[in-house]
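The structure appears below as C-alpha cells.
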Amino acid sequence: QVQLVESGGGLVQAGGSLRLSCAASGRTFSNYVMGWFRQAPGKEREFIAAISRSGGRTYYEDSVKGRFTISRDNAKNTVYLQMNSLKPEDTAVYYCAADYTSTNYKIVGSYDYWGQGTQVTVSS
C-alpha cells in the first residue's frame, strides 16, 4: 500500500502561483511513476502532469505546458506541482497518484494509488 497526502491548495487570483505537494508513505516511492490529475465540477478527472521514477522525464497536458512544473524528491518521498500564471479554468480538485507498472501515464486507470485531493480555486 502507498498512502498519498496532498497539500498546498487554496484560493489565488488569476495570474498567481501555488505549489502543491504530495507526500507518500508505505512502499518505496522511487518505484512509482507519479502523476497529477485534476477534476472540475461536472467534469471527468483529467491528466495534468507525470514524472518518471528517477525524475529525469516529465510529461504535461498541453493546456499547462509552460505554466506548471512537476518535480520529485525521492529522498523526501514527495512529488510537487508548481503552478504559475494560474487561470480561472485551472479551478479544480487536484489529485496526485502513483503508478507502479507505468502502462500509460495519461490514463486514470493506470494508477494504483490516489490521494484525497486538494482544492485549487482561481478567482478572476
Side-chain angles (χ1 to χ4, degrees):
Q1 287 283 354
V2 174
Q3 292 77 42
L4 302 172
V5 179
E6 301 97 337
S7 61
L11 174 64
V12 64
Q13 289 188 332
S17 298
L18 283 174
R19 188 194 196 201
L20 306 184
S21 299
C22 173
S25 61
R27 296 186 177 178
T28 305
F29 179 68
S30 60
N31 285 345
Y32 292 84
V33 170
M34 297 300 296
W36 284 97
F37 289 73
R38 67 186 180 189
Q39 188 167 17
K43 295 188 177 181
E44 293 187 353
R45 194 168 297 188
E46 65 171 353
F47 168 76
I48 294 300
I51 189 166
S52 63
R53 294 173 179 83
S54 68
R57 289 172 292 168
T58 57
Y59 311 91
Y60 297 94
E61 193 268 335
D62 286 346
S63 68
V64 306
K65 281 181 181 176
R67 300 190 298 124
F68 291 10
T69 303
I70 188 172
S71 61
R72 67 189 295 164
D73 186 336
N74 286 344
K76 295 183 177 180
N77 292 347
T78 303
V79 62
Y80 305 96
L81 186 68
Q82 177 66 44
M83 305 186 295
N84 298 329
S85 302
L86 283 161
K87 305 175 181 179
E89 51 263 43
D90 293 319
T91 295
V93 177
Y94 283 69
Y95 299 89
C96 70
D99 177 1
Y100 184 75
T101 56
S102 185
T103 51
N104 187 330
Y105 59 84
K106 291 186 176 182
I107 303 300
V108 169
S110 292
Y111 289 80
D112 304 292
Y113 302 101
W114 291 84
Q116 82 290 349
T118 185
Q119 176 71 45
V120 171
T121 303
V122 184
S123 63
S124 57

What pair of heavy atoms forms the shortest contact from [X] to [Y], and how long is it?
{"X": "Ser124", "Y": "Pro88", "value": "CB-CG, 3.8 Å"}
{"X": "Ala49", "Y": "Leu81", "value": "CB-CD1, 4.3 Å"}
{"X": "Ala98", "Y": "Tyr32", "value": "CB-CD2, 3.8 Å"}
{"X": "Lys43", "Y": "Gln39", "value": "O-NE2, 3.1 Å"}
{"X": "Ser110", "Y": "Asn104", "value": "OG-O, 2.9 Å"}
{"X": "Tyr111", "Y": "Ala50", "value": "OH-CB, 3.8 Å"}

[atom1] of [X] to [atom2] of [Y]: how many Å apart, nearest 0.5 Å?
{"X": "Lys106", "Y": "Asp99", "atom1": "NZ", "atom2": "CG", "value": "14.5 Å"}
{"X": "Glu89", "Y": "Ser63", "atom1": "CD", "atom2": "OG", "value": "8.5 Å"}
{"X": "Ile70", "Y": "Gln82", "atom1": "CD1", "atom2": "CD", "value": "12.5 Å"}
{"X": "Cys22", "Y": "Asn77", "atom1": "SG", "atom2": "CG", "value": "10.5 Å"}

Is it true that a side-chain atom of [X] and a backbone atom of [Y] form a donor plus acceptor pair closer than 3.5 Å?
{"X": "Asn74", "Y": "Arg53", "value": "yes"}
{"X": "Arg72", "Y": "Ser52", "value": "yes"}
{"X": "Glu6", "Y": "Cys96", "value": "yes"}
{"X": "Arg67", "Y": "Ser85", "value": "yes"}

When you measure from the centre of the six-membered ring of Tyr100, is the NZ or CZ of Arg27 closer than 6.0 Å and no more than 45° off the axis?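 Cation-pi check for Arg27 and Tyr100: fails.
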
Cluster question for you: counting only ILVMFWY and a side-chain heavy-atom cut-off of under 4.5 Å, with indirect links fine, are [X] and [Y] together?
{"X": "Val2", "Y": "Val33", "value": "no"}
{"X": "Leu20", "Y": "Tyr113", "value": "yes"}
{"X": "Leu4", "Y": "Val120", "value": "yes"}
{"X": "Trp36", "Y": "Met34", "value": "yes"}
{"X": "Ile48", "Y": "Val93", "value": "no"}

Check against side chain to side chain contact (heavy atoms under 4.5 Å, CB included), Arg45 and Trp114: CA-CA 12 Å; Arg45 194 168 297 188; Trp114 291 84; 3.4 Å; yes

Under the side-chain hydrogen bond (donor to acceptor under 3.5 Å, both in side chains) test, residues paired with Arg38 that sit two or more places apart: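 In terms of side-chain hydrogen bond (donor to acceptor under 3.5 Å, both in side chains), with neighbours along the sequence ignored, Arg38 is linked to Glu46, Asp90, Tyr94.
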
Could you check whether any side-chain heavy atom of Phe29 comes within less than 4.5 Å of a side-chain heavy atom of Val79, counting everything from C-beta outward? yes

Would you mind reporting whether Ile51 and Arg57 have side-chain heavy atoms less than 4.5 Å apart?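 No - every pair of side-chain heavy atoms lies 4.5 Å or more apart.
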
Sequence neighbours excluded - ring pair (Phe, Tyr, Trp, His ring centres under 6.0 Å) pairs with any residue from residues 48-84: Tyr59-Tyr105

Side chain to side chain contact (heavy atoms under 4.5 Å, CB included) for Thr91 and Gln119? Distances and angles first, verdict last. CA-CA 8 Å; Thr91 295; Gln119 176 71 45; 4.0 Å; yes

Please determine whether side chain to side chain contact (heavy atoms under 4.5 Å, CB included) holds for the pair Glu44 and Val108, giving the CA-CA distance in whole Å, both sets of side-chain angles, and the decisive distance to 0.1 Å. CA-CA 10 Å; Glu44 293 187 353; Val108 169; over 6 Å; no

